[in-house]
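Single-structure report; data block below.
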2 protein chains.
Amino acid sequence: MTHSPWQPITPAKPARERKAPLTRDRIVDAAMELLRKEGYDGVSMRKVAQELKTGPASLYAHVANKRELDQLLVERATAGMSFDDPVDPARWQEQLKDVMRAMLGAMRANPGVARAAIGAVPTGERALQTTERMLALLKAGNLPDQAAAWAVDLIPLYVTAIAFEETVQSASDWTAEDVEAFVAGLRAYLAGQPADRFPLVVALAGPLTSGASGDERFEFGITVITAGLAALAQS
Amino acid sequence: MTHSPWQPITPAKPARERKAPLTRDRIVDAAMELLRKEGYDGVSMRKVAQELKTGPASLYAHVANKRELDQLLVERATAGMSFDDPVDPARWQEQLKDVMRAMLGAMRANPGVARAAIGAVPTGERALQTTERMLALLKAGNLPDQAAAWAVDLIPLYVTAIAFEETVQSASDWTAEDVEAFVAGLRAYLAGQPADRFPLVVALAGPLTSGASGDERFEFGITVITAGLAALAQS
DNA sequence: ACCTGAACACCGTTCAAGT
DNA sequence: ACCTGAACACCGTTCAAGT
């Protein structure tokens, strides 16, 4: 049996390329793209599989479950972080803030990943590097071991919570105007409360609803945390 | 057409009692019970409806959507909080910590509610009272208005994040031994890292994995935050 | 006005069967 | 060893129809 001339013999190479084997990396690639395009809720095992032109069951040969995939997404998103300026004990507080800013930046660059990071205990290469960096800075600030260790837990907790809050607003179909309208409504609601029962709420309705988005609120938080940590330094 | 004697005429009253009208309150009651029994993931519109012996569509006459139901659960869970000791400017830091402890207590008493609280902006009666209380304490500590306002945002953010982390572990089917085994495994993993690359991670593997559950970690966090806030006091 | 059944468009995960 | 189709047991929300 011969092949007719216009029907090429299916070459081995293209066939392999057309259907590259599934790998963890390709799964994370596809999930990451979905995360960026559609946010956290857009990342489902089914949609990731569809993106890879296969069924959801196929993913389970490479990824234990959705939780593990979430973890891999967090690692991928934070892979870009790096801290190469040497630890300067005189500037440990500012350098610690820089770590927190880098963490928030990594999450903001991949909207939705904060949601995936919330329950995760990241143990990858990058997580270890970040932990090492934070511990070095905290020890430079003369914090006791246990305080330094707990701080390493507190810091990502705060940054992740902030990033998550930000994406809750933006992930839904709210426009900037919607958010503004919501904030304005909230301000009016607070200002309209009975001043005899909630005097400070009424008086501070403005400050209470300002800087909800933007960096001021985050900068406030990292300033409070850093100052609070500095207060724990050993003589 | 007559009724046969042994077939009673269906009485109006029992029929009405048998099927009490759906109300917001009854919906929240049922949801709260599900939350306590099965955790956050056990609370679905469908299951709440089933508990009330109706279909999921019926709930939408009283509750806008799942997000609103979540909000109502948070309000219900925190309804028990009350702060009746007068603000004592000399003890504002300790009193602020008490507010945070009360918040965590309310969430712990209703495992799963932290998950519902994460995205919510609570605006109910109890939320206003708590906000007023915190503002009073912060002003007693001489914080500027904007700092006090942002602190009112930071504090629930932290407490909710802690409570949520706690329920992530307990909500799954993990036993206390499972958690212990996981922590021990994590400690071994950290201690086994290359000491030349991650010296502090290796050296502090113990402290890094201690107090993961329990109050020490939370107490550390509220101490850091309170001290950091105190550092912002105006002369 | 309130309630309902049924449908729509989804989920994560498992499993027997294929290659 | 890896992949697949089909199924299982679920979701939140909408809508036309009933009372």
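The figures that follow rest on heavy atoms only: side chains count, while hydrogens, waters and symmetry mates do not. Note that the structure is a prediction, hence the values are computed from the model and not measured. Just so we're on the same page: letters track the sequence lines, and every chain starts at 1.
The distance between atom CG of A:Leu59 and atom P of C:dT14, rounded to the nearest whole Å, is 13 Å. D:dT4 atom P lies 14 Å from atom CD of A:Gln50, rounded to whole Å. Rounded to an integer number of Å, the gap from CZ of A:Arg26 to P of D:dC2 is 15 Å.
Between B:Arg24 and B:Asp29 there is no salt bridge, since no side-chain nitrogen of the basic residue lies less than 4.0 Å from a carboxylate oxygen of the acidic one.
In terms of phosphate contacts, B:His62 brings no side-chain nitrogen or oxygen within less than 4.0 Å of OP1 or OP2 of C:dA1. The shortest distance between the side-chain N/O atoms of A:Thr54 and the OP1/OP2 oxygens of D:dC3 is not below 4.0 Å.
Of the listed residues (A:Ile222, A:Val159, A:Thr160, A:Thr78), just one forms a side-chain contact (heavy atoms from CB on, under 4.5 Å) with A:Met103, and that residue is A:Val159.
Under the side chain to side chain donor-acceptor pair (under 3.5 Å) criterion, A:Gln146 pairs with B:Ser210, not counting sequence neighbours. Judged as a side chain to side chain donor-acceptor pair (under 3.5 Å), and not counting sequence neighbours, the contacts of B:Lys47 are B:Glu38.
Counting only residues at least two apart or in different chains, salt bridge (charged side-chain N to carboxylate O under 4.0 Å, His left out) contacts with residues 97-112 of chain B comprise B:Glu94-B:Arg101, B:Asp98-B:Arg101, B:Arg101-B:Glu219, B:Arg108-B:Glu166, B:Arg108-B:Asp215. The salt bridge (charged side-chain N to carboxylate O under 4.0 Å, His left out) pairs that include a residue from residues 109-130 of chain B are A:Arg197-B:Glu125, where partners are two or more places apart or lie in different chains.
Ring planes of A:Tyr158 and A:Phe218: parallel class, angle under 30° (limits at 30 and 60°).
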Dot-bracket for DNA chain D, 5' to 3', counting Watson-Crick or G-U wobble pairs under 3.5 Å, with [ ] for crossing pairs and | for inter-strand pairs?
||.|||||...|||||.||

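Taking the side chain as every heavy atom from C-beta outward, B:Val28 and B:Thr23 never approach each other to under 4.5 Å.
Nucleotides C:dA9 and D:dC10 place their P atoms 22 Å apart, quoted to the nearest Å.
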If you restrict it to nitrogen or oxygen atoms, what contacts under 3.5 Å exist between nucleotides 11-13 of chain D and the protein, and what is each distance?
from   : atom 1 : to      : atom 2 : distance (Å)
D:dC11 : OP1    : B:Ser44 : OG     : 3.1
D:dC11 : N4     : B:Arg46 : NH2    : 3.3
D:dG12 : OP1    : B:Met45 : N      : 3.4
D:dG12 : OP2    : B:Met45 : N      : 2.9
D:dG12 : N7     : B:Arg46 : NH1    : 2.4
D:dG12 : O6     : B:Arg46 : NH1    : 2.6
D:dG12 : O6     : B:Arg46 : NH2    : 3.4
D:dT13 : OP2    : B:Tyr60 : OH     : 2.8
D:dT13 : OP2    : B:Lys66 : N      : 3.0
D:dT13 : O5'    : B:Tyr60 : OH     : 3.3

